[in-house]
Chemist: 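Please see the structure below; I have some questions.
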Amino acid sequence: MNKTSYTNLSKAWEFIESRALDAQRAVLQSTRATAESQGHEQGSAAQASFLKMLVKLTAARSIILVGTAAAVETIEIIDALEGKGQLTVVDSSADGAAFIRSIFNELDDESDTRMRVVNAAAGIFLPRLNADDYDLIIVTGDASNYTATYEQSQRLLKQGGITVFTDMLGFASSDSQGGLLNPVDRDPKTVELRSLLSTIETDEHIDSTLIPVGSGLLIAEHR
């Protein structure tokens with residue numbers, strides 16, 4: 001049997017995602033259910049678990065999360081910070097920002113991590129932030145978040161800082177027709193991601209790797 005067949009790889013992804021979902025704490029499961037009932041689709045459980053581990057492994061203390069109601073990732077990052085550092089969530093959706101703010105209000109008495117949510121487009125808000133001040137930036141959500149964040153990441157991150165771009169295979173868009181796996185998919189997010197992937201892979205200031213966690217993570221370390 002071919003151990004790297006597409007069937008086996010698909011089953012492996014389902015197995016990992018199922019175990020990650022089962023392992024999530026009750027608060028994450030209820031938050032996911034509430035978010036999705038309000039129309040806020042949530043990312044992969046394995047992805048959120050990986051991001052939590054990445055925060056711990058890198059000892060990141062100053063983090064930006066760019067997204068749209070990325071509730072599960074928000075909770076996992078706060079948990080990984082263990083009452084230290086700061087998390088800034090940038091959400092261009094008023095509903096999404098309000099949902100994240102409600103999570104912050106619930107966690108405020110349980111964590112000493114500094115938390116703030118900003119309802120603004122990434123391209124407008126990120127240029128206002130101090131340079132060389134962040135350890136980790138995570139990008140989710142709308143296509144407009146990706147290039148706008150990439151363009152600011154080199155300025156915002158400390159030397160050796162990391163940007164993680166989620167859904168780099170372009171599966172999450174409601175208009176996706178296979179994402180990057182389908183060369184003829186012209187969904188706006190897929191087009192944006194295809195261009196961004198090529199740009200980052202040829203950026204001499206960045207070391208990057210694309211990994212099959214969730215719907216694809218591109219991890220970019222800024223030298």
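As the structure is a computational prediction, the values presented were derived from the model and not from experiment.
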Chemist: Could Lys158 and Asp133 be called an ion pair, given the rule that one side-chain N must be under 4.0 Å from one carboxylate O?
Modeler: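 Not counted as a salt bridge, because no side-chain N and carboxylate O are separated by less than 4.0 Å.
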Chemist: Do NZ/NE/NH1/NH2 and the carboxylate oxygens of Asp79 and Lys52 come within less than 4.0 Å?
Modeler: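 Salt bridge flag = yes for Lys52 with Asp79.
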Chemist: Side-chain donor-acceptor contacts of residues 64-75 below 3.5 Å, not counting sequence neighbours, with atom names and distances?
Modeler:
| residue | atom | partner | partner atom | Å |
| --- | --- | --- | --- | --- |
| Glu73 | OE2 | Gln47 | NE2 | 2.9 |
| Thr74 | OG1 | Ala70 | O | 2.7 |

Chemist: Do Val164 and Leu87 share a hydrophobic cluster, counting only Ile, Leu, Val, Met, Phe, Trp and Tyr and linking them when any side-chain heavy atoms are less than 4.5 Å apart?
Modeler: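 Hydrophobic grouping puts Val164 with Leu87.
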Chemist: Return the CG to OG1 distance between Asn182 and Thr190, rounded to the nearest 0.5 Å.
Modeler: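 So the CG of Asn182 and the OG1 of Thr190 are separated by 8.5 Å.
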Chemist: So, Glu76 and Arg25, do they make that salt bridge, N to O below 4.0 Å?
Modeler: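 Yes.
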Chemist: Is there a donor-acceptor contact under 3.5 Å from the side chain of Trp13 to the main chain of Pro212?
Modeler: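 Such a contact is absent between Trp13 side chain and Pro212 backbone.
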Chemist: Could you tell me the separation between the CD1 atom of Ile211 and the OG1 atom of Thr209, rounded to the nearest 0.5 Å?
Modeler: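 These two atoms lie 6.5 Å from each other.
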Chemist: If we only count heavy atoms from C-beta on, is the Thr147 to Glu192 side-chain gap below 4.5 Å?
Modeler: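 Thr147 reaches Glu192 side chain to side chain.
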Chemist: Quick one: does Asp91's side chain have a donor or acceptor within less than 3.5 Å of a partner on Asn119's backbone?
Modeler: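 Such a contact is absent between Asp91 side chain and Asn119 backbone.
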Chemist: Are side-chain heavy atoms of Ile162 and His222 found at a separation under 4.5 Å?
Modeler: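 They are not in contact (no side-chain heavy atoms under 4.5 Å apart), so the answer is no.
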Chemist: Is any side-chain heavy atom of Phe165 closer than 4.5 Å to one of Leu217?
Modeler: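 They are not in contact (no side-chain heavy atoms under 4.5 Å apart), so the answer is no.
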Chemist: Return the CD to CZ distance between Glu221 and Arg223, rounded to the nearest 0.5 Å.
Modeler: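 That separation rounds to 8.5 Å.
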Chemist: Between Ser49 and Ala45 (side chain of the first, backbone of the second, donor and acceptor by atom type, cut-off under 3.5 Å), is there such a pair?
Modeler: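 Checked: no pair found.
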Chemist: Indicate yes or no for a side-chain donor-acceptor contact from Gln29 to the backbone of Gln24 under 3.5 Å, with no hydrogens or angles considered.
Modeler: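 Confirmed, Gln29 side chain pairs with Gln24 backbone.
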Chemist: Are any non-hydrogen side-chain atoms of Ile103 and Leu107 less than 4.5 angstrom apart?
Modeler: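 A side-chain contact exists here, since the closest heavy-atom pair is under 4.5 Å.
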Chemist: At their closest point, which heavy atom of Thr34 faces which heavy atom of Phe99, and how far apart are they?
Modeler: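 Residues Thr34 and Phe99, closest heavy atoms: CG2-CE1, 3.9 Å.
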Chemist: Ser92 vs Asp142, test: side chain to side chain contact (heavy atoms under 4.5 Å, CB included). Steps then yes/no.
Modeler: CA-CA 9 Å; Ser92 60; Asp142 297 338; 4.0 Å; yes
Chemist: Are the side chains of Phe171 and Leu181 in contact, using a 4.5 Å heavy-atom criterion?
Modeler: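 Side chain of Leu181 against side chain of Phe171, heavy atoms only: contact under 4.5 Å found.
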Chemist: Show, in sequence, the C-alpha distance, side-chain angles and deciding distance for Phe15 and Lys11, and conclude whether the side chain to side chain contact (heavy atoms under 4.5 Å, CB included) test is met.
Modeler: CA-CA 6 Å; Phe15 176 81; Lys11 288 181 179 178; over 6 Å; no
Chemist: Taking atom CG of Asp187 and atom CD of Gln177, what is their separation to the nearest 0.5 Å?
Modeler: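 Atom-to-atom, Asp187:CG and Gln177:CD are 7.5 Å apart.
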Chemist: Side chain to side chain contact (heavy atoms under 4.5 Å, CB included), that's the test. Do Glu14 and Ser10 meet it? Break it down for me.
Modeler: CA-CA 6 Å; Glu14 292 176 358; Ser10 175; 3.9 Å; yes
Chemist: With no hydrogens and no angle check, is any side-chain donor or acceptor of Thr113 less than 3.5 Å from a backbone partner on Lys84?
Modeler: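 Looks like yes, one N/O pair under 3.5 Å.
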Chemist: Could Lys189 and Asp167 be called an ion pair, given the rule that one side-chain N must be under 4.0 Å from one carboxylate O?
Modeler: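 The answer is yes: the pair qualifies as a salt bridge.
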Chemist: Would you name the heavy atoms of Phe125 and Ala120 that are closest together and state the gap between them?
Modeler: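 Looking at all heavy atoms of both residues, the closest pair is CB-CB, 4.0 Å.
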Chemist: Heavy-atom count around Arg186 CZ within 6.0 Å, excluding the residue itself: above 12?
Modeler: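 Not more than 12 within 6.0 Å, no.
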Chemist: Can you hop from Leu28 to Val89 via hydrophobic side chains spaced under 4.5 Å?
Modeler: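 Leu28 clusters together with Val89.
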Chemist: Shortest non-hydrogen contact from Ser144 to Ala148?
Modeler: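 Nearest pair, atom of Ser144 first, then Ala148: O-CB, 3.4 Å.
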Chemist: How about Asp112: does its CG atom have over 12 heavy atoms from other parts shown lying under 6.0 Å from it?
Modeler: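 At most 12 heavy atoms, drawn from other residues, nucleotides or ligands, come within 6.0 Å of this atom.
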Chemist: Roughly how far apart are Ile137 CD1 and Leu126 CG, rounded to 0.5 Å?
Modeler: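 Atom-to-atom, Ile137:CD1 and Leu126:CG are 7.0 Å apart.
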Chemist: Would you say that Ile63 contacts Gln86 through its side chain, given a criterion of any heavy-atom pair below 4.5 Å between the two side chains?
Modeler: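 Not in contact.
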Chemist: I need the minimum non-hydrogen distance between Asp132 and Leu157, along with the two atoms involved.
Modeler: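 Asp132 and Leu157 have their closest heavy atoms at OD1-O, 3.5 Å.
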Chemist: I'd like to know if Lys56 and Glu82 make a salt bridge, using a cut-off of under 4.0 Å between side-chain N and carboxylate O.
Modeler: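 Counted as a salt bridge, because a side-chain N and a carboxylate O are separated by less than 4.0 Å.
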Chemist: Within the distance-only criterion (no hydrogens, no angle test), does the side chain of Arg32 pair as donor or acceptor with the backbone N or O of Gly43 below 3.5 angstrom?
Modeler: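 Yes: the side chain of Arg32 pairs with the backbone of Gly43.
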Chemist: Would you say Thr149's side chain and Asn145's backbone share a donor-acceptor pair under 3.5 angstrom?
Modeler: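 Yes, the answer is positive, given that a donor and an acceptor are paired below the 3.5 Å cut-off.
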Chemist: Ignoring hydrogens and geometry, is there a side-chain-to-backbone donor-acceptor pair from Asp135 to Arg61 under 3.5 Å?
Modeler: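 Checked: pair present.
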Chemist: Taking side chain as C-beta onward, heavy atoms only, is Glu17 less than 4.5 Å from Ser44?
Modeler: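 Glu17 reaches Ser44 side chain to side chain.
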Chemist: Assess the residue pair Thr163 and Ile206 against the criterion (side chain to side chain contact (heavy atoms under 4.5 Å, CB included)); give the C-alpha distance rounded to whole Å, side-chain angles, the decisive distance to 0.1 Å, and a yes or no.
Modeler: CA-CA 10 Å; Thr163 304; Ile206 291 176; over 6 Å; no
Chemist: Let me confirm one number: the CG-OG distance from Leu136 to Ser153, rounded to the nearest 0.5 Å.
Modeler: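 Reported to 0.5 Å precision, the distance equals 11.5 Å.
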Chemist: Looking only at non-hydrogen atoms, find the nearest pair between Leu218 and Ser208 and report the distance.
Modeler: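 Closest approach of Leu218 to Ser208: CD1-CB, 4.1 Å.
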Chemist: For the pair Arg155 (side chain) and Leu129 (backbone), establish whether a donor and an acceptor sit closer than 3.5 Å, ignoring hydrogens and angles.
Modeler: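 Indeed, once roles are kept as given, a pair shorter than 3.5 Å links the two residues.
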Chemist: Flag yes if Val117 and Leu51 sit in one hydrophobic cluster, no otherwise; membership is Ile, Leu, Val, Met, Phe, Trp, Tyr, and two members link when side-chain heavy atoms are under 4.5 Å apart.
Modeler: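 Result: yes, single cluster for both.
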Chemist: Using the rule that Ile, Leu, Val, Met, Phe, Trp and Tyr join whenever any side-chain heavy atoms are under 4.5 Å apart, tell me whether Leu81 and Ile100 fall into a single cluster.
Modeler: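 Yes, same cluster.
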Chemist: Determine, for Arg194 against Asp185, whether the closest basic-nitrogen to carboxylate-oxygen distance falls under 4.0 angstrom.
Modeler: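 Salt bridge flag = no for Asp185 with Arg194.
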Chemist: Looking at every non-hydrogen atom in both residues, tell me the closest pair between Ala220 and Ile200 and how far apart they are.
Modeler: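 Closest approach of Ala220 to Ile200, heavy atoms only: CB-CG2, 4.4 Å.
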Chemist: Under 4.5 Å between side-chain heavy atoms, hopping through other hydrophobics if needed: is there a path connecting Tyr134 to Val55?
Modeler: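 Unlinked, Tyr134 and Val55 end up in two clusters.
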Chemist: Would a 4.5 Å heavy-atom cut-off, applied to side chains only, mark Val139 and Tyr150 as touching?
Modeler: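 Side-chain contact under 4.5 Å: no.
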Chemist: For the pair Gln42 (side chain) and His40 (backbone), establish whether a donor and an acceptor sit closer than 3.5 Å, ignoring hydrogens and angles.
Modeler: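 Looks like yes, one N/O pair under 3.5 Å.
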